[in-house]
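Values below: every heavy atom of this structure, side chains too, minus hydrogens, waters and symmetry copies. In the text below, chain A, chain B and the rest are named by the order of the sequence lines, each starting its count at 1.
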Amino acid sequence: MSSADATEQHRFDHAAIEPKWQRAWEEADVFRIDDDAVDPAYVLAMFPYASGELHMGHVRNYTITDAFARFERLRGEDVLHPMGWDSFGLPAENAAEDRDTNPREWTMGCIETMRDQLIRMGFGYDWEREVTTCDPEYYRWNQWLFNRFNEEGLVSRDAREVNWCPDCETVLADEQVEGEDERCWRCDTRVDSRELDQWMFTITDYADELRDALEEMDGWPNNVRQMQQNWIGRQDGASVEFDVAGYGPVEIFTTRLDTIYGATFFAIAPGHDLAQQLVDEHEAVAEYVARAESDEELPETSGVFTGMHATNPATGEEIPVYVADYVLEDVGTGALYAVPAHDDRDHAFATEHEIPIRQVVAPAESVTTGPGDDDAESGVDTTDESVVDDLDVQQQAYTEDGVLVNSGAYDGLTSEEAREHFVEEFDGEFRTEYRLRDWLISRQRYWGTPIPVVHCDTCGFVPVPDEELPVELPEFVHTTGNPLDAADEWKHTACPECGGDAVRETDTMDTFVDSSWYFLRFISPDAEDIPFDAEHASDWMPVDRYVGGIEHAVMHLLYARFFTKVFDDIGMIDGVREPFTNLVNQGMVLGEDGFKMSKSRGNGVSPVRIIDEYGADTARLFIMEAAQPQKEFAWSPEGVDSANQFLQRVYALVSEFAAGEIETGDGGPVDSYVEEEIDATVVTVSEEFEAFRFNHAIQAVRDLVSLLRQYADHTEPDEDVFERAVFAVTKLLAPVAPHVTEEMWDLLDGDGLVAEAAWPTATKSDEYELGKRLVENTREDIRDIVSVVGIESPSRIEIAVAPAWKHRVREIAAETDGNVIGAVMQHDDLKRHGQDAADYAQDLVGKEHFEAQLSPEDERDALDSAAWLIEREFDAEVAVYSADDAPDDLASKAVPGRPGINIEE
RNA sequence: GCGAGGGUGGCUGAGCCUGGCCAAAGGCGGCGGGCUUAAGACCCGCUCCCGUAGGGGUCCCUGGGUUCGAAUCCCAGCCCUCGCACCA
């Protein structure tokens with residue numbers, strides 16, 4: 001192959017151009033945003049954990065935000081698009097152990113590598129705002145915030161049954177334990193429980209608002225909102241006391257107070273205080289509690305009678321008290337009255353233990369009497385037998401709301417009314433319970449933010465004063481336990497209050513504290529006396545577009561919401577209650593085999609290898625056109641190839657044009673056709689970018705490029721039109737393939753950098769859509785005829801649009817409800833066409849829906865400007881006629897939207 | 001079990017919100033043609049069934065319904081994916 005080959009001259013070498021433009025952007029400070037920018041578009045990707053290598057998931061995540069940020073910038077917006085490092089955490093400690101280094105050095109090395117890889121991908125960040133959470137200049141603010149939270153009463157230290165991961169050797173928050181079998185979110189190890197004194201943020205103070213605000217957050221995916229709602233798990237109910245003879249009052253929580261008359265037994269959790277007391281005196285209870293507390297999996301209906309009885313405040317009845325494992329200690333009060341007729345679990349338990357089942361609620365539709373009617377029992381509507389016959393609470397619990405029966409004076413009340421009444425009647429109170437627990441932030445690890453507290457024997461726990469912050473981590477030492485415990489010199493300090501001997505808290509903070517406010521630090525990364533500038537943050541927040549993985553649906557996203565609300569409440573920010581307006585969870589990048597990329601499967605694809613082989617632009621383009629951001633897709637070498645070829649093709653087109661190798665002249669009607677297509681493409685791409693459907697946007701650009709190639713092949717394109725087209729293509733592609741488009745911009749002698757150019761604008765008319773449809777339909781009709789009739793090679797194709805009077809008839813028909821023919825014939829100008837007009841009107845009788853149509857002139861223009869496509873396709877002469885000029889009776893066969901066609905062989 | 005999201009042509013996947021050129025985009029695969037010495041790449045078509053002039057039939061998980069008209073709206077059922085779950 002000769003190196004002078006024409007196509008060779010119009011190819012680009014990604015390895016040469018990519019670093020060049022990366023430097024150019026940096027030198028021009030393209031991605032910097034001034035502090036005085038007003039309400040910029042805040043485009044953010046979840047910052048990466050500093051693991052050392054970028055993987056395809058990162059690349060996808062950051063390609064999405066980068067393309068969008070570039071798009072916004074081209075549209076003239078100020079854009080805040082920062083990047084930082086989630087860089088505290090256990091993996092760095094493990095790596096340090098394995099490699100004879102320390103977490104800091106290891107982490108800093110990882111950051112260097114990853115930053116370099118981000119740059120090589122062409123991602124444009126304002127690096128002046130880079131944030132690194134393991135830097136004392138960052139984590140000091142975690143400590144400062146801890147003090148503020150403490151002052152606000154949002155910090156607590158309690159002995160609690162906590163999740164302990166034996167592998168990570170630390171406690172975990174509830175959010176960080178996953179699945180039915182309770183595994184650590186990071187290492188998948190089964191989690192134990194331990195009783196420990198731990199520091200907590202009282203996120204439960206915000207449970208209500210965290211839950212309620214979700215309803216309004218329509219910029220978030222439903223599944224994430226649903227997950228948070230489940231997690232918070234609000235239950236509106238009531239608490240009531242039952243007196244247990246020989247023990248005293250026991251409080252229960254229920255959402256179904258209406259069923260209280262049906263309580264036939266009482267159940268408490270093995271961990272409940274009453275059960276614990278009985279352990280000493282009751283052998284069977286002791287044995288059962290021991291089994292429940294062991295790892296043993298007890299049957300769902302297991303339980304043991306305590307020999308004690310509770311008094312139902314509604315009926316005055318004595319009901320037996322059981323210890324049952326299905327009653328959970330940390331749900332409600334750990335005690336409940338059981339109504340087997342109306343609860344599935346109670347029903348199963350009652351059946352197993354031969355406890356009576358008493359119905360107290362009937363389906364509303366089966367009872368004819370209204371609320372307040374005492375005669376409810378006789379009011380069962382026997383005409384609707386199916387409902388009554390189906391309902392046998394001895395067989396199965398009826399768990400829906402309904403109307404009360406067998407409930408003394410309250411029969412006939414609806415469930416809802418009864419719940420209202422009974423609270424007062426039985427001396428209870430309305431109560432809301434949450435599944436959400438306070439956020440346990442203590443971690444028994446080295447590589448995290450030291451909790452800024454010292455313990456003094458005389459003063460107790462004393463916060464480290466702000467002016468002594470940061471409490472910096474001591475040197476890392478290799479030890480079996482927590483290195484902070486081993487750092488004697490660091491650990492022993494003076495009490496800030498009394499000056500006496502004191503010891504530092506050796507627990508560090510959960511790393512999710514770091515990520516709960518990093519998006520605010522980006523706004524004023526150099527702020528010295530405060531974590532972030534209040535005024536600035538109030539203007540720049542919330543984040544407009546946040547993109548990241550679904551794995552943080554509950555953890556990070558819930559904590560960040562909590563922090564934001566606290567900041568607003570303590571005046572650190574003004575009027576920002578939610579941090580992220582629009583959230584997108586990008587889908588997974590699967591391996592070529594359709595499975596999740598993993599080491600064990602060996603189906604991973606390294607971003608660095610793809611950059612080396614094809615270039616960053618190709619990787620970015622492939623990822624963006626493979627699927628919409630929230631959908632998963634499988635890696636495909638063909639797709640990568642196709643992306644690469646397309647970029648080469650576009651580049652070649654521009655390059656040939658720039659080199660004057662494309663003959664220009666007068667393309668006739670083709671010129672205006674192409675012009676319209678350019679406008680249409682600009683409109684589509686803008687809309688699709690905005691809607692985060694990048695694949696559709698790219699498809700539109702591909703179509704335009706393909707059209708331009710045909711344009712140049714078919715005729716001598718108008719120079720201005722062609723130039724406008726290549727400029728538009730360059731800009732439209734720039735957010736996704738930034739390097740090669742800079743190269744193209746350069747060839748075209750564009751001003752400055754395309755990264756800083758102005759996005760093209762255009763409008764698309766209704767006529768355009770109609771014209772496009774007309775052309776498409778006409779082409780299809782021609783293909784149809786040619787193939788059905790079996791015309792080998794057509795020599796001439798004649799097309800004639802319908803006469804104006806048919807358009808008039810159609811218009812009248814569309815407006816007329818009744819006698820279409822009569823209505824048409826009232827018009828003298830149409831009467832002239834006599835039978836023809838009547839016939840066509842007859843065709844339209846009964847037609848209910850009329851599509852919009854072009855005028856005869858517009859139809860003719862649309863077909864005329866597209867005639868060249870038909871000529872190319874059929875290699876035949878094409879003639880487009882108005883009705884008057886058409887030969888023979890060609891136009892008589894035409895109707896609006898459907899020209900007459902004649903094909904000659 | 002509760003909740004969320006789904007089920008579209010050989011595959012993948014848009015459309016569904018806002019019913020109407022929807023036999024249903026794009027891609028992949030397959031077929032035919034062009035270009036080429038040839039292959040690849042590229043370009044142009046075809047790819048549910050029938051049809052010698054643009055026609056007809058069947059079709060978007062299943063079954064009902066609303067409507068002049070349903071892939072699209074409503075009801076019931078079946079199946080899939082995800083989240084939560086012995087939650088009072």
Across the strands shown, which category fits Asn230(A) at heavy-atom distances under 4.0 angstrom: base, sugar-phosphate, nothing? base
Over how many whole Å does the gap from Arg773(A) atom CZ to rA25(B) atom P extend? 15 Å
Which nucleotide sits closest to the side chain of Gln628(A): rA14(B), rA4(B), rG51(B)? rA14(B)
Taking only side-chain N and O atoms of Lys631(A), does any of them lie within less than 4.0 angstrom of OP1 or OP2 on rU12(B)? no
For Ser642(A), which contact category applies under a 4.0 Å heavy-atom criterion: base, sugar-phosphate, or nothing? nothing
Base, sugar-phosphate or nothing for Ile903(A)? Non-hydrogen atoms, less than 4.0 Å. base
Considering just the side-chain nitrogens and oxygens of Arg898(A), establish if one lies under 4.0 Å of OP1 or OP2 belonging to rG55(B). yes
Nucleotide nearest Ile785(A) (side chain, heavy atoms from C-beta), chosen from rG54(B), rG45(B), rG20(B): rG54(B)
Salt-bridge contact Asp212(A)-Arg234(A) (side-chain N to carboxylate O under 4.0 Å): yes
Would you mind telling me which of rG54(B), rG45(B), rC43(B) lies closest to the side-chain atoms of Arg872(A)? rC43(B)
Closest-nucleotide ordering on RNA chain B, the 5'-leading residue of Glu329(A) and Asn902(A): Asn902(A)
Just to be sure I understand the rule, does Asp325(A) reach a base, reach only the sugar-phosphate, or reach nothing, if contact means heavy atoms closer than 4.0 Å? base
Determine the contact category for Gly639(A): base if any of its heavy atoms lies under 4.0 Å from a base atom, sugar-phosphate if only primed atoms, P, OP1 or OP2 are that close, otherwise nothing. nothing
Taking only the side-chain heavy atoms of Arg649(A) (C-beta and beyond), determine which of rG54(B), rA4(B), rC42(B) contains the nearest atom. rC42(B)
By the Watson-Crick or G-U definition, both distances under 3.5 Å, rC82(B) is matched with rG3(B)
Side-chain N or O of Arg435(A) less than 4.0 angstrom from OP1 or OP2 on rA85(B)? yes
Check every strand shown and say whether Val327(A) touches a base, only sugar-phosphate, or nothing at a heavy-atom separation below 4.0 Å. base
Assess whether one donor atom and one acceptor atom, taken from the side chain of Asp781(A) and the base of rG54(B), lie less than 3.5 Å apart. yes
Between rA85(B) (C1') and Gln226(A) (CD): distance, integer Å: 13 Å
Closest nucleotide among rU52(B), rG54(B), rC86(B) to the Ile901(A) side chain: rG54(B)
Counting side-chain heavy atoms from C-beta on, which of rG54(B), rC86(B), rC44(B) comes nearest to Lys893(A)? rG54(B)
For a quick test of reading the model: is some side-chain N or O of Gln645(A) closer than 4.0 Å to OP1 or OP2 of rC42(B)? yes
Nucleotide paired to rC59(B) in any strand shown, Watson-Crick or G-U, under 3.5 Å: none
Pro899(A) has its side chain closest, among rC44(B), rG54(B), rC86(B), to rG54(B)
Just the rounded figure in Å: distance from C1' of rC84(B) to CE of Met555(A). 15 Å
As its Watson-Crick or G-U partner within any shown strand, both distances under 3.5 Å, rG29(B) has rU47(B)
Starting at the 5' end of RNA chain B and moving along, which residue's nearest nucleotide shows up first, Glu851(A) or Glu300(A)? Glu851(A)
Beyond-backbone contact of Tyr322(A) with Val304(A), side-chain heavy atoms, under 4.5 angstrom: no
Taking only the side-chain nitrogens and oxygens of Gln710(A), find out if one of them lies under 4.0 Å from OP1 or OP2 of rC44(B). yes
Can you check whether Arg225(A) has a side-chain N or O nearer than 4.0 Å to OP1 or OP2 of rG83(B)? no
Partner of rU52(B) by Watson-Crick or G-U wobble geometry, both contacts under 3.5 Å, or none? none
Identify whether any heavy atom of Arg779(A) sits under 4.0 Å from a base atom; if not, whether one sits that close to sugar-phosphate; answer base, sugar-phosphate or nothing. sugar-phosphate
How many whole angstroms separate atom CD of Glu638(A) from atom P of rG26(B)? 20 Å
Establish, with yes or no, whether the OP1 or OP2 oxygen of rG32(B) is under 4.0 angstrom from a side-chain nitrogen or oxygen of Ser787(A). no
Would you call the rings of Phe694(A) and Phe689(A) parallel, tilted or perpendicular, where under 30° means parallel and over 60° means perpendicular? perpendicular
What about Asn223(A), does its side chain sit under 3.5 Å from the base of rC82(B) through a donor-acceptor pair? no
Can you measure from CZ (Arg435(A)) to CZ (Arg211(A)) and round to the nearest 0.5 angstrom? 13.5 Å
Which part of the nucleic acid, if any, lies within reach of Asp703(A) when heavy atoms closer than 4.0 Å are counted: base, sugar-phosphate only, or nothing? nothing
Using Watson-Crick or G-U wobble geometry with both distances under 3.5 Å, which nucleotide pairs with rG40(B)? none
Is Arg702(A) positioned over the aromatic face of Phe646(A), cation under 6.0 angstrom from the ring centre and no more than 45 degrees off axis? yes
Select base, sugar-phosphate, or nothing to describe what Asn777(A) touches, counting heavy atoms under 4.0 Å on all strands. base
Parallel, tilted or perpendicular for Trp635(A) and Phe622(A), by the 30°/60° rule? perpendicular
